[in-house]
2 protein chains.
Amino acid sequence: MIKKNIPQKTIDRLAIYRRYLEYASEETAGRHFITSADLSKGTQVSAAAIRRDLSCMGQLGRRKIGYNIDRLCNSINSVLGLNKKWRVALVGAGNLGKALMMYRGFRKLGFEIVAVFDNARLKIGKKWLEIKIQDIRHIKDNVSNKRIEIAIIAVPFKVAQATADLLIESGIKAILNFAPIGLKVPDNIKLRSVDLATELANLSYFLTKKIR
Amino acid sequence: MIKKNIPQKTIDRLAIYRRYLEYASEETAGRHFITSADLSKGTQVSAAAIRRDLSCMGQLGRRKIGYNIDRLCNSINSVLGLNKKWRVALVGAGNLGKALMMYRGFRKLGFEIVAVFDNARLKIGKKWLEIKIQDIRHIKDNVSNKRIEIAIIAVPFKVAQATADLLIESGIKAILNFAPIGLKVPDNIKLRSVDLATELANLSYFLTKKIR
DNA sequence: CGATGTGAATAATTTCACAGCG
DNA sequence: CGCTGTGAAATTATTCACATCG
């Protein structure tokens with residue numbers, strides 16, 4: 001609805017609020033409204049930041065009462081584009097790929113993995129949840145035929161860039177990358193990366209610092 | 001060495017530089033020095049930001065030549081606390097847990113999973129890479145006996161907070177959380193969270209926005 | 001010369017604090 | 001009154017631009 005550009009940080013937090021509202025049914029049970037103070041307790045984001053974030057979506061709150069929970073969820077879903085189904089390709093049928101495939105949270109959010117690819121003979125042809133694992137060479141046909149817009153890369157880092165290039169050539173628009181490498185993609189492709197080792201390195205820094 | 005507080009963002013990027021230097025052996029092969037401009041090309045971080053980040057660790061560079069690659073790696077490892085071994089506990093022996101267990105990148109960075117826990121009868125007693133999966137009730141003994149400082153939570157969200165509480169009670173100092181919930185932990189515990197659904201929601205936002 | 005390291009300028013984000021409204 | 005929404009201030013992060021030095 002609102003057309004202003006919403007800051008990246010706000011987008012990240014909108015997803016957090018959304019998740020809290022979805023899962024924290026106990027705390028919000030029976031209530032129709034939630035205040036920024038309560039949402040702050042549930043999410044560890046300051047109440048002021050919450051109000052500013054939510055104000056990006058228009059005037060949703062009611063003074064003295066707070067935000068209508070249903071309306072808030074709807075607004076966030078609408079802004080984040082979660083009120084539609086997204087067709088997702090998964091590349092890499094290793095342990096991580098399997099974990100992602102079996103994760104129910106994706107489907108609940110509207111993300112459906114409709115194609116799985118790998119390059120290993122042993123895996124090609126097997127089925128995961130009714131989806132047949134296909135040879136990576138078929139990416140191009142599939143992505144365009146099935147109109148897939150999002151891809152998840154869960155392949156070893158050595159082949160990650162080539163995989164990304166192939167996906168982009170196939171018309172993918174966004175990539176969630178789990179390979180430990182900084183992928184290079186054109187400006188019009190949206191990329192998010194999750195690097196597990198980097199996350200641990202971060203913890204390591206804080207543990208080290210604390211000692212002295 | 002340098003004792004100033006390093007910004008969180010810089011810490012994140014130091015891990016990125018480190019990863020690039022480690023993996024990009026082709027680009028850096030034979031060379032002993034790298035300039036901020038080259039590092040910028042490899043990591044998509046601006047050269048100015050790189051120089052400022054690196055200057056947090058002291059005067060590492062040489063004008064006209066750049067940064068000595070070995071020395072740079074050593075400095076980053078030292079700051080990030082990656083020049084020692086970390087003993088890690090993994091809680092949750094599902095698909096994601098297995099993927100994390102089998103991921104070699106952790107061990108290469110110095111993180112060794114030395115204990116695995118689950119609450120499912122069927123899994124307890126099985127072995128993963130010589131590590132026996134133990135009943136979650138044994139967390140407390142193990143964490144203190146084996147002097148484990150870092151835990152990875154890969155359990156369903158409903159039991160994630162209880163798991164975190166138990167770990168903290170057991171003396172863990174840092175947690176990497178994969179459960180889709182905002183864990184509440186005391187100030188002295190360092191927490192990082194990876195929420196796969198949130199990452200996808202972010203892509204979804206940009207795809208949606210692009211359309212109009 | 002050619003690259004670093006860093007003040008100074010700029011931009012982005014967060015917090016403060018309170019007017020305004022039901 | 002009690003809460004939102006938001007200017008204004010404060011803080012944090014990034015970029016610019018150049019003095020500096022081998």
Side-chain angles (χ1 to χ4, degrees), chain A residues 1-17 21 27-28 31-73 75-76 79 202 205-206, chain B residues 1-17 21 27-28 31-76 79 182 202 205-206:
Chain A
M1 288 174 181
I2 298 310
K3 285 287 158 294
K4 268 183 312 184
N5 253 354
I6 300 179
Q8 168 68 56
K9 294 271 191 91
T10 293
I11 295 300
D12 288 338
R13 284 190 300 256
L14 287 180
I16 290 173
Y17 308 147
L21 292 171
E27 277 106 57
T28 59
R31 307 204 87 288
H32 287 191
F33 287 83
I34 189 168
T35 65
S36 58
D38 288 344
L39 202 43
S40 175
K41 268 193 227 113
T43 59
Q44 340 283 306
V45 178
S46 80
I50 289 174
R51 291 201 300 277
R52 198 171 288 281
D53 285 342
L54 298 186
S55 75
C56 289
M57 303 187 296
Q59 310 229 144
L60 289 171
R62 285 177 53 187
R63 286 151 209 260
K64 192 167 164 208
I65 295 180
Y67 300 85
N68 179 288
I69 292 175
D70 286 345
R71 188 166 172 224
L72 190 48
C73 286
S75 293
I76 295 177
V79 167
N202 214 291
Y205 166 71
F206 281 93
Chain B
M1 286 173 181
I2 298 310
K3 285 288 157 296
K4 269 183 310 183
N5 252 353
I6 301 179
Q8 169 67 56
K9 294 274 191 88
T10 294
I11 295 299
D12 287 339
R13 285 190 299 253
L14 287 180
I16 290 173
Y17 308 147
L21 293 172
E27 278 106 60
T28 60
R31 309 204 86 288
H32 286 192
F33 287 84
I34 189 167
T35 65
S36 58
D38 289 345
L39 203 43
S40 173
K41 268 194 229 111
T43 60
Q44 341 281 307
V45 178
S46 79
I50 289 174
R51 290 201 302 277
R52 198 171 288 282
D53 285 343
L54 298 187
S55 74
C56 290
M57 303 187 296
Q59 307 228 146
L60 289 172
R62 284 176 54 186
R63 287 154 208 259
K64 191 168 168 209
I65 297 180
Y67 300 85
N68 178 287
I69 294 176
D70 286 344
R71 188 166 173 225
L72 190 49
C73 286
N74 285 336
S75 293
I76 295 178
V79 167
N202 214 291
Y205 165 71
F206 282 93

How many whole angstroms separate atom [atom1] of [X] from atom [atom2] of [N]?
X: B/Leu54; N: C/dA3; atom1: CG; atom2: C1'; result: 13 Å
X: B/Asp53; N: C/dT4; atom1: CG; atom2: C1'; result: 14 Å
X: B/Gln59; N: D/dA19; atom1: CD; atom2: P; result: 18 Å
X: B/Ile6; N: D/dT14; atom1: CD1; atom2: C1'; result: 17 Å
X: B/Ile65; N: C/dA3; atom1: CD1; atom2: P; result: 10 Å
X: A/Asn68; N: D/dT4; atom1: CG; atom2: C1'; result: 15 Å

At less than 4.0 Å, is any side-chain N or O atom of [X] found next to OP1 or OP2 of [N]? Yes or no.
X: B/Arg13; N: D/dT14; result: yes
X: A/Gln8; N: C/dT13; result: no
X: B/Ser36; N: C/dT4; result: yes
X: A/Ser46; N: C/dT14; result: no

Inset, instruction - Would you classify A/Thr10 as touching base, sugar-phosphate or nothing, given that sugar-phosphate means primed atoms plus P, OP1 and OP2, and contacts are heavy atoms under 4.0 Å? - result: nothing

Inset, instruction - Check every strand shown and say whether A/Leu60 touches a base, only sugar-phosphate, or nothing at a heavy-atom separation below 4.0 Å. - result: sugar-phosphate

Legend entry - Spatial distance of atom CD1 (B/Ile6) from atom CD1 (B/Ile11) [nearest 0.5 Å]: 4.5 Å

Legend entry - Euclidean distance, B/Thr10 OG1 relative to B/Arg52 CZ, rounded to 0.5 Å: 9.5 Å

Quick check for you: among [options], whose closest atom lies nearest to any side-chain atom of [X]?
X: A/Ala49; options: C/dT15, C/dT4, D/dA13; result: C/dT15
X: A/Arg63; options: C/dC18, C/dT15, D/dC3; result: D/dC3
X: B/Lys64; options: D/dA8, C/dT6, D/dG22; result: D/dG22
X: B/Ala48; options: D/dG5, D/dT15, C/dA3; result: D/dT15

Legend entry - Non-hydrogen atoms of A/Tyr17 and A/Val45 that approach each other most closely: OH-CG1, 3.5 Å

Legend entry - Passing option when B/Leu14 is tested against B/Leu72, B/Ile50, B/Val79 for side-chain contact (heavy atoms from CB on, under 4.5 Å): B/Val79

Legend entry - Sidechain N-carboxylate O distance under 4.0 Å for B/Lys41, B/Asp38: yes

Inset, instruction - Between B/Arg52 and B/Ile34, just flag the one whose closest nucleotide in DNA chain C comes earlier from the 5' side. - result: B/Ile34

